[in-house]
Structure formats: C-alpha cells, structure tokens
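Comments concern the structure below.
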Amino acid sequence: VEGKKGSFVMEHRGTYDGAKARSSWKIVPGSGTENLTDIRGEGTYEAGHGEPARVEFRYSLNAE
C-alpha cells in the first residue's frame, strides 16, 4: 500500500442472491505489520452476471 512494506488481515463477508455477488471487508484493527501497523480501512465489492465489478477500498495510514 503506497509503496510501504508490511501486511494486514482483512475480515470478509459476502452474499450471492443468484444475480449479484456483494461483499464487504474491513481491516482487522491491530493486524498491520512493519510499515502498516496503523492502517485502518474497509471496502466493498459488487458484481452481476456479465457486468463489470465495482470495487472500493478506503483506507488511512498515520504518518510515521
């Protein structure tokens, strides 16, 4: 993320209603390593049959 080294864990939840797949995820607080220890964020995903996927990922990093 932004050229920073490290990793983090995301919790994912999703549904599929037969026409669209929808999911949301959030970064597990305190799971960031190395230069990503203060990362916070969440995102969403939505796609239907034959449609382009819509993906959003919002995050913030505290300056080190």
Side-chain angles (χ1 to χ4, degrees):
V1 177
E2 294 185 17
K4 296 182 181 278
K5 186 175 180 181
S7 62
F8 52 89
V9 176
M10 297 180 84
E11 178 182 354
H12 173 256
R13 295 178 186 257
T15 61
Y16 179 67
D17 64 10
K20 286 198 180 218
R22 293 179 178 88
S23 65
S24 62
W25 55 84
K26 66 179 179 177
I27 296 174
V28 175
S31 69
T33 65
E34 298 184 60
N35 299 116
L36 299 175
T37 57
D38 294 325
I39 193 167
R40 309 245 184 301
E42 62 189 16
T44 58
Y45 170 92
E46 182 176 308
H49 293 291
E51 297 176 359
R54 188 180 126 209
V55 179
E56 292 184 17
F57 178 46
R58 299 166 298 282
Y59 68 91
S60 64
L61 290 167
N62 290 340
E64 295 184 356

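Taking CZ of Phe8 as the start and CD of Glu34 as the end, the distance is 13.0 Å to the nearest 0.5 Å. The CD atom of Glu11 lies 5.0 Å from the NZ atom of Lys26; values are rounded to the nearest 0.5 Å. From His49, atom NE2 reaches atom NZ of Lys20 across 10.5 Å, with rounding to the nearest 0.5 Å. Distance check: Arg22 CZ to Thr15 OG1 gives 6.5 Å after rounding to the nearest 0.5 Å.
Partners of Ser7 by side-chain contact (heavy atoms from CB on, under 4.5 Å), not counting sequence neighbours, listed by chain and number: Thr33. Partners of Tyr59 according to the ring-ring contact (aromatic ring centres under 6.0 Å, His included) rule, which considers only residues two or more places apart in sequence or in another chain, are Phe57. The salt bridge (charged side-chain N to carboxylate O under 4.0 Å, His left out) test applied to Glu42 returns Arg58, not counting sequence neighbours.
The nearest pair of heavy atoms linking Ala53 to Tyr45 is CB-CE1, 3.6 Å.
Note: the hydrophobic cluster containing Met10 also contains Leu36 (ILVMFWY, side chain heavy atoms under 4.5 Å, direct or indirect links). No single ILVMFWY cluster, assembled from side-chain heavy atoms under 4.5 Å apart, contains both Val28 and Leu61.
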